[in-house]
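This chain uses plain numbering: 1 for the first residue, then up along the sequence.
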Amino acid sequence: MLLSVIVPCYNEEGNIALFYSETVKALGGLMNDTELIFINDGSADRTLEELHKIYDSSPYHIQVVSFSRNFGKEAGLKAGLDHAKGEFTVIIDADLQQRPEYILDMMKILREHPEYDGVACYQEKRKENFLMTFLKGSFYKVIDSMTDVKIMQSASDFRLMRRSVVEAILSLPERCRFSKGIFAWVGFNWFYMPYEVEDRAAGTSKWNFWKLMGYALDGIIAFSNKPLIISSVLGVVIFMLSIVYMVVIIVKTLIWGDPVAGFPTLCCLLLMLSGIQLLCFGIMGQYMAKNYTETKGRPMYVVKEKLEK
Ligand code: UDP
Ligand code: MG
C-alpha cells in the first residue's frame with residue numbers, strides 16, 4: 001500500500017459523502033494504491049450509515065473503525081495510525097476544511113526530496129477572529145518557553161508522513177496525547193507547507209473556548225515540568241519574603257513598641273498565601289491526575305466494529 005489516508009469523523013453526516021467523492025477525484029489514479037481509514041469517533045448522527053454506504057459501494061481499499069463512544073480526536077488519530085499500512089500516511093479532517101488536493105502536493109514534495117520525512121501544512125493567515133488568533137499565539141509563546149521541543153506555530157494535524165515517522169509516533173505509549181507536541185517530540189525533518197483553510201462544508205466545529213483552553217493545558221502538562229518548578233520557586237521566594245517581613249516586624253516592635261499588627265495586612269497575606277498554595281496544589285494535582293491516567297493503563301479507545309476491504 002502506498003498511501004493511507006486517516007479521516008477522524010465525529011458527527012460528520014453532512015460531509016462524509018462529499019469528502020469521499022472529492023478525495024477520489026483529487027487522488028485520481030493514486031486511489032488504486034490508497035486506503036481510506038475512517039475513524040467513526042462515536043458519532044451520534046448518521047455518520048456510520050454514510051460510512052457503510054461508502055464501504056459497500058466503493059471499489060477502493062476502505063477501513064471503517066467505529067469506536068464504542070466518543071473518545072476524542074487524539075484517540076481517533078492514534079487508531080488511524082494503528083491501522084495504517086501505507087508507505088506514506090496522511091491525516092485529514094472529514095469536513096473538507098483541508099482540501100484533499102493538497103495531498104498530491106505533499107506526496108510530490110516527499111517523493112522529490114528524500115531528505116524530508118514529512119510535510120506539515122500550516123495556515124499562513126488564520127481566518128479566526130482577533131481574540132482567537134491572540135489566544136492561540138499566546139499559547140504557542142507559553143508552550144515554547146516551557147518546553148524543549150519546538151512546536152511549529154499554526155502547523156495543523158494535516159500532515160503526510162513516511163512510515164518511519166508513523167512508527168516513531170506509535171512507539172510513544174502515553175495515553176494523554178497531545179499530537180502537536182508528539183509530532184515535535186519525535187523530531188525528523190519536516191517540510192512546512194502553507195495552505196488555506198476552507199470553511200466547513202457542513203456541520204459545526206467540535207471546539208469551543210473551554211475545550212481549547214483544556215487542550216492547551218493538557219499540552220503544557222504533557223510536555224513540560226516547568227509549572228512544577230515555578231510553583232517550587234514561588235514557595236521559596238514567598239518564604240524568603242516572609243523572613244524579611246518578620247525581621248521588619250520584630251525591629252519595628254523593638255524600636256517603637258508597635259502594639260498589634262494590622263488586621264487588614266493579616267487578612268491580605270492570608271488570602272494571598274492560601275491562594276498561591278491552592279494554585280500550587282492544583283498544578284501538582286494536574287500532574288498527579290495525568291500520572292493516574294497513565295498508570296491505569298486503559299486503552300486509548302475501544303473498537304466496536306471494524307470493516308476492512
Ligand atoms: N473529531 C473527532 N472527534 C472529536 C472531535 C472532532 O474525530 O471528538 C474530528 C472531526 O470530525 C473532524 C476533525 O476531528 O474531522 C476536526 O474537528 P473540527 O472540524 O471540529 O475541528 P476544527 O476544524 O474546528 O479545528
Ligand atoms: Mg474542522
For this session: Please lay out, stage by stage, how M284 and S231 fare under the test side-chain contact (heavy atoms from CB on, under 4.5 Å).
Result: CA-CA 9 Å; M284 261 163 56; S231 58; 5.7 Å; no
For this session: Tell me, with the steps shown, if T34 and T23 meet side-chain contact (heavy atoms from CB on, under 4.5 Å).
Result: CA-CA 11 Å; T34 294; T23 305; over 6 Å; no
For this session: Go through the steps to decide whether K296 and R175 satisfy the test side-chain contact (heavy atoms from CB on, under 4.5 Å), and finish with yes or no.
Result: CA-CA 10 Å; K296 273 189 289 191; R175 274 151 194 84; over 6 Å; no
Exercise. Yes or no on side-chain contact (heavy atoms from CB on, under 4.5 Å) for F139 and L212, after CA distance, side-chain angles and deciding distance?
Worked result: CA-CA 10 Å; F139 164 70; L212 273 175; over 6 Å; no
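F158 and I91 make their closest contact through CD1-O, 3.1 Å (heavy atoms, listed as atom of the first residue, atom of the second, distance). Closest non-hydrogen pair, I169 versus R177, comes out as O-NH2, 3.2 Å. Residues G137 and Q153 come closest through the heavy atom pair O-NE2, 4.2 Å. Taking all atoms of both residues into account, the shortest heavy-atom contact from P59 to Y20 is CD-OH, 3.9 Å. Taking both residues in full, the closest heavy atoms of C9 and I16 are given as SG-CD1, 3.7 Å, listed atom of the first, atom of the second, then distance. When all heavy atoms of K180 and I151 are compared, the closest pair comes out as O-CG1, 4.1 Å.
When the side-chain contact (heavy atoms from CB on, under 4.5 Å) test is applied to S232, no partner is found at least two apart in sequence or on another chain. Residues passing the side-chain contact (heavy atoms from CB on, under 4.5 Å) test with D45 are N11, E13, S43, T47, sequence neighbours excluded. Residues passing the side-chain contact (heavy atoms from CB on, under 4.5 Å) test with V64 are L48, L51, Y55, I62, L307, sequence neighbours excluded. Q123 meets the side-chain contact (heavy atoms from CB on, under 4.5 Å) test with R126, Y195, V197; sequence neighbours excluded.
With respect to the salt-bridge test (charged N to carboxylate O, under 4.0 angstrom), the residues K73 and D93 qualify. Look at R99 and E196 and you find no salt bridge, because none of the NZ, NE, NH1 or NH2 atoms lies under 4.0 Å from a carboxylate O. The pair R200-E12 counts as a salt bridge, with a side-chain nitrogen and a carboxylate oxygen less than 4.0 angstrom apart.
The hydrophobic cluster containing M272 also includes L234, I238, L273, I276, under a criterion of side-chain heavy atoms closer than 4.5 Å among ILVMFWY residues, counted directly or through chains of members.
Note on W207: it clusters hydrophobically with Y122, by side-chain heavy-atom contacts below 4.5 Å among ILVMFWY residues. Using a 4.5 Å cut-off between side-chain heavy atoms of Ile, Leu, Val, Met, Phe, Trp and Tyr, with links allowed through other members, L30 and V5 fall into the same hydrophobic cluster. In the hydrophobic clustering of this structure, F191 groups with V90; members are Ile, Leu, Val, Met, Phe, Trp, Tyr whose side-chain heavy atoms approach within less than 4.5 Å, directly or through other members. A continuous path of ILVMFWY side-chain contacts below 4.5 Å connects V165 to L77, so both sit in one hydrophobic cluster. Note on V302: it does not cluster hydrophobically with F38, by side-chain heavy-atom contacts below 4.5 Å among ILVMFWY residues.
The CD atom of E35 sits 10.5 Å away from atom CG of L2, with the distance rounded to the nearest 0.5 Å. Atom-to-atom distance recorded for R111:CZ and L104:CG is 9.5 Å, nearest 0.5 angstrom. Residue M193 holds its CE atom at 5.0 Å from CG of D105, rounded to the nearest 0.5 Å. The CG atom of N291 sits 12.5 Å away from atom CD of Q286, with the distance rounded to the nearest 0.5 Å. Within the model, atoms NZ of K25 and CE of M31 stand 13.5 Å from one another, a figure rounded to the nearest 0.5 Å. Put simply, NE2 on H83 and CD1 on I39 are 6.5 Å apart, with the number rounded to the nearest 0.5 Å.
Contact annotation: the side chain of L269 approaches that of Y245 to within less than 4.5 Å [non-hydrogen atoms, C-beta and beyond]. Looking at heavy atoms from C-beta onward, K85 lies out of side-chain contact with H61 at the 4.5 angstrom threshold. Between Y10 and N70, the closest side-chain pair of non-hydrogen atoms falls below 4.5 Å. The closest side-chain heavy-atom distance from F19 to I92 is below 4.5 Å. Using a 4.5 Å heavy-atom threshold, the side chains of E198 and L96 count as separate. No side-chain heavy atom of C121 sits under 4.5 Å from any side-chain heavy atom of Q98. Between L160 and I109, every side-chain heavy-atom pair lies at or beyond the 4.5 Å cut-off. Annotation: side chain of L135 is in contact with side chain of F209 (closest heavy-atom distance under 4.5 Å).
The closest donor-acceptor contact from the side chain of E74 to the backbone of S179 lies under 3.5 Å. Judged purely by atom type and a 3.5 angstrom limit, T89 has no side-chain atom pairing as donor or acceptor with the backbone of M161. Checking side-chain atoms of K309 against main-chain N and O of S58 turns up a donor-acceptor pair under 3.5 Å.
Residue D148 places its CG atom among 12 or fewer non-hydrogen atoms of other residues, nucleotides or ligands, all under 6.0 Å distant. Counting non-hydrogen atoms of neighbouring residues, nucleotides and ligands closer than 6.0 angstrom, the NZ atom of K108 reaches no more than 12 such neighbours. The number of heavy atoms from other shown groups lying within 6.0 Å of CE (M152) is above 12. Counting heavy atoms of neighbouring residues, nucleotides and ligands inside a 6.0 Å radius, atom CH2 of W190 exceeds 12 of them. Annotation for F134: atom CZ does not count as buried by contact number, only 12 or fewer foreign heavy atoms lying within 6.0 Å.
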Pairs of donor and acceptor atoms involving the side chains of residues 217-225, under 3.5 Å and at least two apart or interchain, shall be tabulated with distances.
unit_1: D218; atom_1: OD1; unit_2: K290; atom_2: NZ; d: 2.9
unit_1: S224; atom_1: OG; unit_2: M146; atom_2: O; d: 2.8
unit_1: S224; atom_1: OG; unit_2: K226; atom_2: N; d: 3.0

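Both tests do not hold together for K136 against Y140: distance to the six-membered ring centre under 6.0 Å, angle to the ring axis within 45°. Cation-pi geometry between R69 and F67 is not satisfied (NZ or CZ under 6.0 Å from the ring centre, within 45° of the ring normal).
Side chains of N189 and D117: a donor-acceptor N/O pair is absent below 3.5 angstrom, by distance only.
The six-membered or imidazole ring of Y215 lies near that of F178, with a centre-to-centre distance under 6.0 Å.
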